[in-house]
Amino acid sequence: MRKPAALPFDIQGRSFTLSQQRDAGVPEHRAWASDLLVPSRGIRVPWGQAQDIRHTARVLTSVCEGTVCVRETAAMLWLCPLPLATQRDFLVHLSRRDGTHRPQRRGVRGHRMVLPDADVCELDGVPLTTPARTWLDLANVLPFEDLVAAADHFICSQTRSFGHNRTALCSLADLAAQIEANAGQRGIRKARAALELARVGADSVPETKLRLALDRAFLPEPVLSYVVCTPEGREIAWPDLAFREFKVAVHYDGGHHLTAEQKESDIRRDEALAENGWTSITVTAKHIRSGGYDAAARRVRDALIREG
C-alpha cells in the first residue's frame, strides 16, 4: 500500500476542514487517505494526534455557521475546573446564537439556547458564552460544591508580591445579574445558593471545598488572600485560609508542593509563621483521600480551640 503524501505544514498534525485543505492546494482525494480520521462531516484529523480543545472548537464553529460554544465546552475554554467525569466528555457543546434548531453532527452535542449578544464573546478566535453566562449554564450540570468552585474560579482576583497573580474573568455582580436576567432557567435555585457561598480569592477546587467544610462545621469564616506580615511589615506568607483573630493559617498543598525545592520553601514559610505567633495547618490531597474535607475541617477546629 502506498504511503499517503505528506500534508502541507499549514494543516499538518492537526484537524482541518475540507475548505482549509482546498486552500492549502491539496487534492480532494487526499481527504480519504488512511492516515486521516473523519470525526465530523467536512473535518479531518490525523490518526494518533491529540487535539487541543481550542483548536477543535475553532474548527467545529467554523463549519457550523452561527454557533457558539456553551456549557461544559465554554467552561473548559475559560479553564474552569470541572469534575473528571465531565472533562472526559469529548463532545463539543454548541448552540446557535438565535436559539433555533440544535446543531447536529458527529462530535457535537447540540443545545437550543437563546443567547443575547451580551452573553456571547470571542476567545482566541472561538465564539463562546461569556464567563458569567457560562457559569449560570453550569448550574444545570454540576454538583453544588463544584458550582461554587466554578464561581470562585470566574471571580478570582489576586495580586501578590510573590507567586502568581490573577485577574477576575467576571465579578460577583456579573453572576448575580445573570441570575436575575434568567430567573426561569433550570438550576436557578442552585445557582442562587451557590452564589451566596462564592468568595473572591479561592485559587482551586480543594480550597473551595475545604472552605465549605469549615462552614458546615460552624467555624468562623476564614479570610482569603490574607497577607501575614512581621511587626516590621515584611510579608512572610499568603495562607489559603486565614483566621486572623486566632492566628491560624491553613494551606492546601497540591502536587507542585512535592518537589524538593517547594518543600524547603514550605518549611521556611511555616517556621516564619511560628516565629510570628501563627499556627500552620497543612492539608494535602492524601489527607482528603483518607478522611475527606470534613476530617480536615476537624483539624482546623482543633487548632482554633487550642488558640482560644
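No hydrogens, no waters, no symmetry mates; every other heavy atom, side chains included, goes into these values.
- Taking hydrophobic clusters as Ile, Leu, Val, Met, Phe, Trp and Tyr residues chained together by side-chain heavy-atom distances below 4.5 Å, Trp78 shares a cluster with Leu195.
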Next item on the list: Apply the test side chain to side chain contact (heavy atoms under 4.5 Å, CB included) to residues Ile179 and Ile188: give CA-CA distance (whole Å), side-chain angles for both, the deciding distance (0.1 Å), then the verdict.
Entry: CA-CA 7 Å; Ile179 290 175; Ile188 201 70; 3.9 Å; yes

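- Within a 6.0 Å radius of CD in Glu65, other residues, nucleotides and ligands contribute 12 heavy atoms or fewer.
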Note to self: Assess the residue pair Ile155 and Leu175 against the criterion (side chain to side chain contact (heavy atoms under 4.5 Å, CB included)); give the C-alpha distance rounded to whole Å, side-chain angles, the decisive distance to 0.1 Å, and a yes or no.
What the structure shows: CA-CA 9 Å; Ile155 65 176; Leu175 300 184; 3.8 Å; yes

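- Between the Thr86 side chain and the Leu82 main chain, no donor and acceptor come within less than 3.5 Å of each other.
- Checked by atom type, the side-chain pair Thr129/Asp119 shows no donor-acceptor distance below 3.5 Å.
- By the 6.0 Å contact criterion, CD on Glu307 is enclosed, its count of non-hydrogen atoms from other residues, nucleotides or ligands being greater than 12.
- Remark: the backbone N or O of Arg199 is paired with a side-chain donor or acceptor of Asp152 at under 3.5 angstrom.
- Between the Thr279 side chain and the Val248 main chain, no donor and acceptor come within less than 3.5 Å of each other.
- Remark: the backbone N or O of Met113 is not paired with any side-chain donor or acceptor of Arg96 at under 3.5 angstrom.
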Margin query: The test is side chain to side chain contact (heavy atoms under 4.5 Å, CB included); show your working for Ile236 and Arg269 and say whether it passes.
Written below: CA-CA 7 Å; Ile236 58 175; Arg269 173 199 67 192; over 6 Å; no

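- Within 6.0 Å of CZ in Arg244 there are 12 or fewer heavy atoms belonging to other residues, nucleotides or ligands.
- Across every non-hydrogen atom of Ala297 and Leu210, the tightest pair is N-CD1, 4.4 Å.
- Distance check, rounded to the nearest 0.5 Å: CG of Leu169 to CH2 of Trp135 gives 14.0 Å.
- Considering SG of Cys156 and CZ of Phe154, their distance stands at 12.0 Å, rounded to 0.5 Å.
- Looking only at side-chain heavy atoms (C-beta outward), Ser157 and Val200 come within less than 4.5 Å of each other.
- Two residues are said to be in side-chain contact when any heavy atoms from C-beta on lie closer than 4.5 Å; Pro220 and Glu245 fail this criterion.
- Distance check: Arg54 CZ to Leu77 CG gives 6.0 Å after rounding to the nearest 0.5 Å.
- In this structure, Gly187 and Ala139 approach most closely via the heavy-atom pair O-CB, 3.5 Å.
- Surrounding CG of Asp117 are at most 12 heavy atoms belonging to other residues, nucleotides or ligands under 6.0 Å away.
- The cluster map of Ile, Leu, Val, Met, Phe, Trp and Tyr, joined by side-chain heavy atoms under 4.5 Å apart, puts Leu136 and Val148 in different clusters.
- With hydrogens and angles disregarded, no donor-acceptor distance shorter than 3.5 Å links the side chain of Thr73 to the backbone of Cys69.
- Side-chain contact between Arg133 and Leu115 is present, with heavy atoms from C-beta onward closer than 4.5 Å.
- Sequence neighbours left out, the pairs with a member in residues 273-297 that pass salt bridge (Lys or Arg N to Asp or Glu O under 4.0 Å) are Arg216-Asp294.
- Remark: Lys209 engages Asp146 in a salt bridge, criterion side-chain N to carboxylate O under 4.0 Å.
- Shown here for Arg97 and Val120, the closest heavy-atom pair between the two residues is NH1-CG1, 3.3 Å.
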Notebook entry, point to check: Yes or no on side-chain hydrogen bond (donor to acceptor under 3.5 Å, both in side chains) for Gln178 and Asp174, after CA distance, side-chain angles and deciding distance?
Noted result: CA-CA 6 Å; Gln178 279 292 337; Asp174 293 331; over 6 Å; no

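- Of the options His93, Arg71, Gln185, a side chain to side chain donor-acceptor pair (under 3.5 Å) to Asp137 is made by Gln185 and by none of the others.
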Check: Which is it for Cys229 and Arg234 under the side chain to side chain contact (heavy atoms under 4.5 Å, CB included) test, yes or no, and what are the steps along the way?
Finding: CA-CA 5 Å; Cys229 298; Arg234 180 173 63 87; over 6 Å; no

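- Judged by distance alone, the side chain of Lys190 and the main-chain N or O of Leu142 form a donor-acceptor pair under 3.5 Å.
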Next item on the list: Could you walk me through whether Glu72 and Arg109 pass the salt bridge (charged side-chain N to carboxylate O under 4.0 Å, His left out) test, one step at a time?
Entry: CA-CA 10 Å; Glu72 294 96 317; Arg109 178 161 292 169; 5.5 Å; no

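- At a threshold of 4.5 Å between side-chain heavy atoms, the hydrophobic network of Ile, Leu, Val, Met, Phe, Trp and Tyr places Leu214 and Leu212 in two separate groups.
- Partner of Thr67 under the side chain to side chain contact (heavy atoms under 4.5 Å, CB included) criterion, chosen from Leu94, Val108, Leu128: Leu94.
- One N or O on the side chain of Arg166 and one on the backbone of His153 form a donor-acceptor pair closer than 3.5 Å.
- Between Asp124 and Arg58 there is no salt bridge, since no side-chain N of the basic residue sits under 4.0 Å from a carboxylate O of the acidic one.
- In this structure, Tyr252 and Glu207 approach most closely via the heavy-atom pair CB-CG, 4.2 Å.
- Residues Tyr293 and Phe243 are members of one and the same hydrophobic cluster, defined by side-chain heavy-atom contacts under 4.5 angstrom among Ile, Leu, Val, Met, Phe, Trp and Tyr.
- Connection of Leu219 to Val283 is established within a shared hydrophobic cluster, with ILVMFWY side chains joined at heavy-atom distances below 4.5 Å, either directly or through further cluster members.
- Counting all heavy atoms, side chain and backbone alike, Gly110 lies closest to Arg102 at O-CD, 3.5 Å.
- For the pair Leu304 and Val300, the minimum side-chain heavy-atom distance is below 4.5 Å.
- For the atom pair Leu197 CG and Leu147 CG, the distance stands at 10.0 Å (nearest 0.5 Å).
- To the nearest 0.5 Å, the span separating CZ on Arg211 from CG on Asp215 amounts to 8.5 Å.
- Legend: residues meeting side-chain contact (heavy atoms from CB on, under 4.5 Å) with Pro231, ordered by chain and number and at least two apart, are Asn276.
- Considering every non-hydrogen atom in both Leu224 and Asp240, the closest pair reads CD2-O, 3.5 Å.
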